Amino acid sequence: MSTALITGASSGIGRALAHVFARQQYNVILVARREDLLNSLKKELSKYPIQVDLLALDLTQSHAVEKLFSWTQNQNLKVDVLVNNAGFGEFGNFHEISRERQLNMIHLNISTLTELSHFYLPNMLQQKKGHIINIASTAAFQAGPSMAVYFASKSYVLSFSEALSEELSGTGVGVTAICPGPTQSEFVEAAHLKSSNLFKRSVPSSEDVAEFTWNAMQNKRVVAVHGLANNVMVQSLRFSPRSMARKVAKWVLRANV
């Protein structure tokens with residue numbers, strides 16, 4: 001039986017992905033800060049004939065990735081699918097958001113994802129099979145005034161995923177960058193975006209995005225943008241002046257906030 005390691009598994013897309021992989025009879029390794037929510041999720045997954053392991057860990061802390069990797073090694077847990085879902089954003093002008101908050105964002109959204117990929121990829125290559133799923137965002141395709149660091153971090157995730165996928169061509173190991181737009185999850189409140197125009201319309205659930213992610217992995221897609229409207233937006237950015245794109249993004253993010 002294959003095993004998926006999911007970071008940021010306690011809520012939102014990560015929690016939904018845990019259900020999707022469990023339903024597909026994958027053993028799951030759940031990693032997040034909040035142990036109580038991880039234990040709650042483990043109980044929910046008990047209806048599936050799988051093994052569930054969990055580790056409460058703050059991945060923004062120094063040496064957290066090394067600790068996670070050592071723990072899985074000591075527990076003899078083989079990772080076939082790595083889901084780099086942990087991440088967060090913050091709304092506001094760059095100079096008004098604390099330096100610590102923004103550096104933690106860079107660390108979690110970029111450094112942690114990169115480190116985890118570097119730790120778990122060699123075994124996948126040795127086995128000649130495996131998959132790395134990186135949760136990026138439609139934010140990856142443009143600059144984001146009022147969320148400058150978050151948008152930039154997701155651009156890294158997208159670029160890194162595409163490059164790594166090409167490097168691994170023919171090895172049996174795949175890489176997929178999932179690019180959802182606004183989604184119903186705790187991310188919205190944590191980023192202080194609840195009153196933004198982004199969420200004035202109906203947005204998909206975390207469960208919708210999780211199912212989309214599973215299908216994208218099965219179809220070996222490298223870049224998968226969720227939703228027709230988001231796909232149209234992403235394609236339109238290719239033909240729009242960058243000056244216009246960033247002004248539109250600024251208006252959408254800041255409107256009614």
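Every value quoted in this text rests on a predicted model; they were computed, and no experiment measured them.
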Under the side-chain contact (heavy atoms from CB on, under 4.5 Å) rule, what do L158 and C179 come out as? Steps first, then yes or no, please.
-> CA-CA 8 Å; L158 177 60; C179 301; 4.3 Å; yes
Audit row: S155, F141, side-chain contact (heavy atoms from CB on, under 4.5 Å) steps and yes/no | CA-CA 6 Å; S155 293; F141 297 92; over 6 Å; no
Apply side-chain contact (heavy atoms from CB on, under 4.5 Å) to N123 and V79, showing your working.
-> CA-CA 8 Å; N123 186 66; V79 174; over 6 Å; no
Under the side-chain contact (heavy atoms from CB on, under 4.5 Å) criterion, do I110 and F160 qualify, and how do the steps go?
-> CA-CA 10 Å; I110 295 178; F160 171 70; over 6 Å; no
Ignoring hydrogens and angles, write down the donor-acceptor pairs under 3.5 Å from the side chains of residues 67-75, residues two or more places apart or on other chains.
{"unit_1": "S70", "atom_1": "OG", "unit_2": "E66", "atom_2": "O", "d": "3.0"}
{"unit_1": "T72", "atom_1": "OG1", "unit_2": "L68", "atom_2": "O", "d": "3.4"}
{"unit_1": "T72", "atom_1": "OG1", "unit_2": "F69", "atom_2": "O", "d": "2.7"}
{"unit_1": "T72", "atom_1": "OG1", "unit_2": "Y120", "atom_2": "OH", "d": "2.8"}
{"unit_1": "N74", "atom_1": "ND2", "unit_2": "S70", "atom_2": "O", "d": "3.2"}

Could you list the donor-acceptor pairs under 3.5 angstrom formed between side-chain atoms of residues 215-222 and any protein atom two or more places apart in sequence or on another chain?
{"unit_1": "N215", "atom_1": "ND2", "unit_2": "E211", "atom_2": "O", "d": "3.3"}
{"unit_1": "N219", "atom_1": "ND2", "unit_2": "N215", "atom_2": "O", "d": "3.0"}

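S161 is linked by a side-chain hydrogen bond (donor to acceptor under 3.5 Å, both in side chains) to N134, counting only residues two or more places apart in sequence or in another chain.
A donor-acceptor pair is defined here as one N or O able to donate and one able to accept, closer than 3.5 Å; such a pair exists between the side chain of D80 and the backbone of T3. Side-chain atoms of S46 come within 3.5 Å of backbone N or O of K43 as a donor-acceptor pair. Side chain of D208 to main chain of P204: no donor-acceptor pair is present (N/O by atom type, distance under 3.5 Å, no hydrogens or angles). Of the possible polar contacts, one joining the N109 side chain to the F88 backbone as a donor-acceptor pair under 3.5 Å is found. Here the side chain of T112 pairs a donor or acceptor atom with the backbone of L59 at under 3.5 angstrom. Looking only at distances, no side-chain donor or acceptor of S40 sits under 3.5 Å from a matching main-chain atom of D36. Of the possible donor and acceptor atoms, none in the side chain of D58 sits under 3.5 Å from a partner among the backbone N and O of R33. With hydrogens and angles ignored, the 3.5 Å screen pairs no side-chain donor or acceptor of S137 with any backbone N or O of A140.
Here the OG1 atom belonging to T7 is positioned 11.5 Å from the CD1 atom belonging to I29, to the nearest 0.5 angstrom. Going from atom CD of E207 over to atom NE2 of H19 covers 8.0 Å, rounded to the nearest 0.5 Å. The structure places CG of L30 at 6.5 Å from CG of L45, a figure rounded to the nearest 0.5 Å. The distance from atom CD of Q235 to atom CG of N230, rounded to the nearest 0.5 Å, is 11.5 Å. How far NZ of K78 is from CG of N27: 9.0 Å, rounded to the nearest 0.5 Å. I178 contributes atom CD1, which lies 9.5 Å from atom CD1 of I13 (distance to the nearest 0.5 angstrom).
Side-chain atoms of V81 and L5, non-hydrogen and from C-beta on, never get closer than 4.5 Å to each other. With a 4.5 Å cut-off on side-chain heavy atoms, M147 and E90 do not count as touching. Side-chain contact between S117 and N84 is present, with heavy atoms from C-beta onward closer than 4.5 Å. Side-chain atoms of I6 and R15, non-hydrogen and from C-beta on, never get closer than 4.5 Å to each other. Side-chain contact check for R34 versus L38: every heavy-atom pair is 4.5 Å or farther apart. At least one side-chain heavy atom of L164 sits under 4.5 Å from a side-chain heavy atom of E167. Side-chain contact between Q24 and W214: present, with at least one pair of heavy atoms (C-beta onward) separated by less than 4.5 Å. Contact annotation: the side chain of Q51 never approaches that of V28 to less than 4.5 Å [non-hydrogen atoms, C-beta and beyond].
The hydrophobic clustering, which links ILVMFWY residues whose side-chain heavy atoms are closer than 4.5 Å, places V232 and V203 apart. Note: the hydrophobic cluster containing L228 does not contain F212 (ILVMFWY, side chain heavy atoms under 4.5 Å, direct or indirect links). M105 and I97 fall into different hydrophobic clusters, defined by Ile, Leu, Val, Met, Phe, Trp and Tyr side-chain heavy atoms under 4.5 Å apart, directly or through other members.
Shortest non-hydrogen contact noted between Y48 and A22 is CD1-CB, 3.5 Å. Across A139 and Y150, no two heavy atoms sit closer than the pair CB-CE2, 4.1 Å. Looking at every heavy atom in both residues, K154 comes nearest to I135 through NZ-O, 2.9 Å. What you find for A32 and A9 is that their closest heavy atoms are CB-N, 3.8 Å. Closest approach of V173 and H131 over heavy atoms only: CG1-N, 4.5 Å. When all heavy atoms of V157 and A136 are compared, the closest pair comes out as CG1-CB, 3.8 Å.
With 3.5 Å as the limit, one finds no donor-acceptor pair spanning the side chains of Q102 and N104.
In this structure, E96 places its CD atom where more than 12 heavy-atom neighbours from other residues, nucleotides or ligands lie under 6.0 Å away.
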